[in-house]
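Structure, as structure tokens:
For ligands, and for the atoms within them, numbers begin at 1 and follow the listed sequence. Counting begins at 1 with the first residue of the sequence. Note that the structure is a prediction, hence the values are computed from the model and not measured.
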Amino acid sequence: MKHLSIKARVTLWYTTFMLIFMAVAVFCLLLLSSRISQRHAREILSNVVTDAVRDVHFRYGELDTEDMDFYRDGVSIFIYDTSGYLLAPQINLGIQADSVLQDQVIRRVRTGGTQQMIYDLYAIQSGTPFWVRGVISLAEADLAFASIRYLVLLGMPLFILLAALGGFAVTRRAFVPVVQIVEAAEQINTGTDLSRRIPEGQRKDELSRLSRAINQMLSRLQESFDRERRFTSDVSHELRTPLSVIRSQCEYALSPESDCAQREEALGSILRNTRRMTDMVSQLLLLSRGENGTFQPNLTQVDLSRLISMTVMDLEPAAESAKLTVETEIQSDVSLSCDETLMSRLITNLLTNAIRYNRPGGRIQVSLKMTEVSNRESREGGMSQEQKADQEQHGAIPAAVIQVSDTGIGIPKEKLPKIWDRFYRADSSRSSEGTGLGLSMVRWIAQVHGGWVQAESTEGHGSVFTVYIPF
Ligand code: ADP
């Protein structure tokens, strides 16, 4: 039984069940109807014989048969004298009955291959004793039963065979998605093709729900595998450059030809590249902790106005050396619950980019305001479902809006959607300066605080980065 498929087991089980059920049902039905028809025959027989006794008349010791009816309701009537001699009817109707007369006993006898039921009554009429016998043939009922029995015996296996075949076909059809699931799973297992999907079909049963759920799971798995693969190759690619610089600088510094100044220069380069690597690794660590869901922001009430002003002040020397002017429009006393370190990093990243991708003599504007976020802004940004629901209910939601704009090189339109990806750099000429992780961090930090980001840019004219942090 264990080596049978589920389809075969299901079919076998219900076929056996049906066979037993039908056999018991047919047996009970036949037994019951045989009992009922026998009882019916008994009743008719005893009634007809009792009536016949009343119709018997003797005149001067002779039986008067004039008004007598010897065949009623399928019962043949015979009248005997006390010695068992048949008095009437004179014509034998072809029904043989056994000769032993027994008073008031209904019994079955077989005469000439036919089943009969016999009932005898002893009576006295006008001083003359006599016997009346009633005989009813059971041949008709027996024939009907025999026909039913044959019909059932022949029909039942046929019916069960059809039911088993039909059931097997239905079960097999129902199991098609399971077979497809198994095949897909086996193919994914043996190969590395995560793009395979199970056909979902139009059905709405449990198996199509299972197919859908497995397909969703496969999509997520594929997405995560692809991300991991991309991540590994990106990281190794990004680390290779500073590592090879460090290595060549080490070799250069250790060579006997290098003098003290050259060694100092090499060490400076090693230090810069090590810092870059450290920065990259710590940002990556933070991002991956965020993606794993293991990161918990340290939320405190932060004076955002002050935090932004301080960060601008910290970066002003760098802006000045790049010959840039920084203008601020910071609404005072904007305070919200956030992770101060992360928020400071967000602002630093945006400002660093505004400096890095600017042009000498350019401008940077930093603003902070508290506002209600309108429909348009939220649609363009990436509001969460709850925020959307909240906005639908209340029209707009309050948020702190941080904006950093510059008059720099801008970003080509087709590259704009990709700037949030890890390691993506729109401008390869300045690639050595950054890690390609800054904007991924900005977006992640905004999301950690339930917010979202938005970038607008015109190539050659400048960019505007807006961060929405709802209260
Ligand atoms: P990076 O470390 O290279 O700056 P980011 O993730 O911060 O990495 O930015 C990704 C890319 O987006 C940058 O390489 C740059 O091409 C583009 N970019 C970001 N900010 C600006 C900006 N203010 N002006 C123009 N281009 C920008």
Side-chain angles (χ1 to χ4, degrees), residues 227 230-231 233-235 237-242 245 272-288 290-291 308 311-312 315-316 318-319 321-328 342-367 381-382 401-448 451-467:
R227 211 181 315 126
R230 231 178 14 246
F231 177 73
S233 84
D234 284 348
V235 171
H237 179 258
E238 291 303 319
L239 289 177
R240 205 182 299 136
T241 318
V245 171
R272 271 196 309 281
N273 279 288
T274 317
R275 277 200 188 124
R276 191 165 164 229
M277 274 174 26
T278 315
D279 194 34
M280 190 193 293
V281 169
S282 70
Q283 294 206 58
L284 276 176
L285 197 70
L286 209 56
L287 276 173
S288 66
E291 275 177 13
I308 293 177
T311 316
V312 171
L315 287 168
E316 242 161 11
S321 60
K323 300 191 176 50
L324 302 169
T325 41
V326 184
E327 293 163 13
T328 53
L342 288 186
M343 206 49 89
S344 147
R345 183 162 222 149
L346 179 147
I347 300 153
T348 308
N349 284 4
L350 288 177
L351 273 171
T352 315
N353 280 352
I355 296 168
R356 189 180 291 154
Y357 301 106
N358 221 315
R359 279 187 290 230
R363 262 183 305 123
I364 297 172
Q365 281 174 314
V366 183
S367 73
V401 182
I402 306 162
Q403 204 164 61
V404 178
S405 47
D406 61 69
T407 53
I409 57 169
I411 304 159
K413 209 171 171 209
E414 70 281 0
K415 293 183 177 171
L416 201 57
K418 297 183 190 156
I419 57 169
W420 310 105
D421 294 349
R422 273 190 273 184
F423 298 116
Y424 183 79
R425 285 170 195 151
D427 180 24
S428 48
S429 62
R430 303 189 194 201
S431 63
S432 61
E433 295 174 33
T435 57
L437 292 170
L439 290 180
S440 313
M441 284 290 289
V442 168
R443 185 167 67 166
W444 172 70
I445 295 168
Q447 284 169 352
V448 163
W452 61 96
V453 288
Q454 207 177 298
E456 287 165 61
S457 186
T458 316
E459 199 180 353
H461 288 91
S463 316
V464 182
F465 287 85
T466 316
V467 181

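Among Asp406, Leu437, Ile411, the residue whose heavy atom sits closest to atom 23 (N) of ligand 1 is Asp406. Looking at Asn353, Ile409, Leu351, Thr352 and measuring to atom 20 (N) of ligand 1, the nearest heavy atom belongs to Asn353.
In this structure, Trp420 and Val453 have side chains that are in contact, with non-hydrogen atoms separated by less than 4.5 Å.
Within the model, atoms OG of Ser457 and CG of Leu416 stand 6.0 Å from one another, a figure rounded to the nearest 0.5 Å. Rounded to the nearest 0.5 Å, atoms CG (Asp421) and CZ (Arg443) are 7.0 Å apart. Here the OG-CD1 distance, from Ser463 to Ile409, works out to 7.5 Å after rounding to the nearest 0.5 Å. Within the model, atoms CG of Leu437 and CZ of Arg422 stand 8.0 Å from one another, a figure rounded to the nearest 0.5 Å.
Within the 4.0 Å heavy-atom shell around ligand 1 one finds Ser463. Heavy atoms of Trp420 come nearer than 4.0 angstrom to ligand 1 in no pair at all.
Counting the atoms of ligand 1 from 1 in the order shown, those under 4.0 Å from a heavy atom of Tyr424 are 10 (C), 11 (C), 14 (O). Ligand 1 places these atoms under 4.0 Å from at least one heavy atom of Ile419: 10 (C), 12 (O). Atoms of ligand 1 found under 4.0 Å from any heavy atom of Arg356 (numbered from 1 in listed order, with element): 1 (P), 2 (O), 4 (O).
Considering backbone and side-chain N/O of Tyr357, one or more are found under 3.5 Å from N/O of ligand 1. Residue Phe465 places no N or O, backbone or side chain, under 3.5 Å from any N or O of ligand 1.
The pair Asp279-Arg272 does not meet the salt-bridge criterion, since no charged nitrogen lies less than 4.0 angstrom from a carboxylate oxygen.
Inspection of the Gln454 and Thr466 side chains reveals no N or O donor paired with an N or O acceptor under 3.5 Å.
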